[in-house]
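Report on the structure given below.
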Protein chains: 2
Amino acid sequence: MVTMKVEYINAFIGAAQNVFSSMLNTEVTLGRVTVNTSHVTAHDISGIIGLSGDAVGCVVVSFPMDTALAAYKAFAGEEIDPMDPNFLDAIGELTNMIAGNAKAEIVGMSISIGLPTVIMGKQHCVNAPQNVPFICIPCHCKLGNFSIEVAFRSETGNN
Amino acid sequence: MVTMKVEYINAFIGAAQNVFSSMLNTEVTLGRVTVNTSHVTAHDISGIIGLSGDAVGCVVVSFPMDTALAAYKAFAGEEIDPMDPNFLDAIGELTNMIAGNAKAEIVGMSISIGLPTVIMGKQHCVNAPQNVPFICIPCHCKLGNFSIEVAFRSETGNN
């Protein structure tokens, strides 16, 4: 049974839409939200950021390589080699902005966000602990598809 | 320039040795510690846990598949299929124990640890932000090789 309140999910969706609109000048539309209680197969490159405090969990923003490279170009104004550390840093920074923006939207809870880690690897899987389901949000924008996965467990009993 | 104090590194090394000794009944010996300022190529399966509070960063415990399966067998007393969610959970729990044990050893700092995330994917890369280098500790035990990578930045100015 999944008890994550819809307003928490909406905070992450709104955050992604805000960040993509303001930083990448593109509107994000959504596919059907699903809940995955096992691992999720992510795309080629994923930014992961941990949440702690009144809620523990993580946010994963995962991109096919083509979308990630197009997002970098929209972000920085120039193309980049996928092996350039600045590329991975930019994906981490996008993830950080989405998590930070969502954190600001979730009122009444004190949430700390960690440093973003970026994973690169063809069709890697990401797994949260079994008792913390991933909410998976497929996203589309003119740069391509990507997805946001949020594993989020309230520690205050108020979930 | 890397300013991570050696006692912090030692806390993570000691934690891995304690957890492997007590939970998996095997002694861990160390290879040469290196510092990686770009991404690290991890093995097949990695547990990642975020640190926040007086220090921000993450701990990555990364295993070749053979070592991870042997560690599961030593941990649970039986073999497992790599696609079983209990396998990924066990790797996450080992990572959680190492991070928790290290946190207890780092005196004078208040550190929160997040939930472990487990990544599976052949030769995936893990990247911390460019200004936070990874300390990479190659480890060996009778179950096989594995590695611990720690990205750690003190937020108190006392690093």
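Numbered from 1 within each chain, the chains take letters A, B, ... in sequence-line order.
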So which residues of residues 18-29 of chain B are in contact with chain A at a heavy-atom cut-off of under 4.5 Å?
none
Residues of residues 88-107 of chain B within contact distance of chain A, non-hydrogen under 4.5 Å:
Leu88(B), Asp89(B)
In terms of heavy-atom pairs under 4.5 Å with chain B, the winner among Ser46(A), Gly53(A), Pro116(A), Gly121(A) is Pro116(A)
Among all residues two or more places apart in sequence or in another chain, which pass the salt bridge (Lys or Arg N to Asp or Glu O under 4.0 Å) test with Lys142(A)?
none
Answer yes or no: is there a side-chain heavy-atom contact under 4.5 Å between [X] and [Y]?
| X | Y | result |
| --- | --- | --- |
| Ile13(A) | Leu30(A) | yes |
| Phe134(A) | Cys58(A) | yes |
| Met65(B) | Met120(B) | yes |
| Ile45(B) | Ser62(B) | no |
| Phe152(B) | Ile111(B) | yes |
| Asn145(A) | Cys139(A) | no |

Of the backbone (N, CA, C, O) and the side chain (C-beta and beyond), which part of Ile48(A) lies under 4.5 Å from a heavy atom of chain B, both, or neither?
side chain
Does any heavy atom of chain B fall under 4.5 Å from the side chain of Ser112(A), the backbone, both, or neither of them?
side chain
Specify whether Tyr72(B) and Phe87(B) have parallel, tilted or perpendicular ring planes, treating 30° as the upper limit for parallel and 60° as the lower limit for perpendicular.
perpendicular
Please give the remaining members of the hydrophobic cluster of Val56(A), linking ILVMFWY side chains under 4.5 Å, ordered by chain and number.
Val132(A), Leu115(B)
Rounded to the nearest 0.5 Å, how far apart are CD of Glu79(A) and NZ of Lys73(A)?
4.5 Å
Reported OG-to-CD1 distance for the pair Ser52(B) and Ile49(A), which is rounded to 0.5 angstrom:
10.0 Å
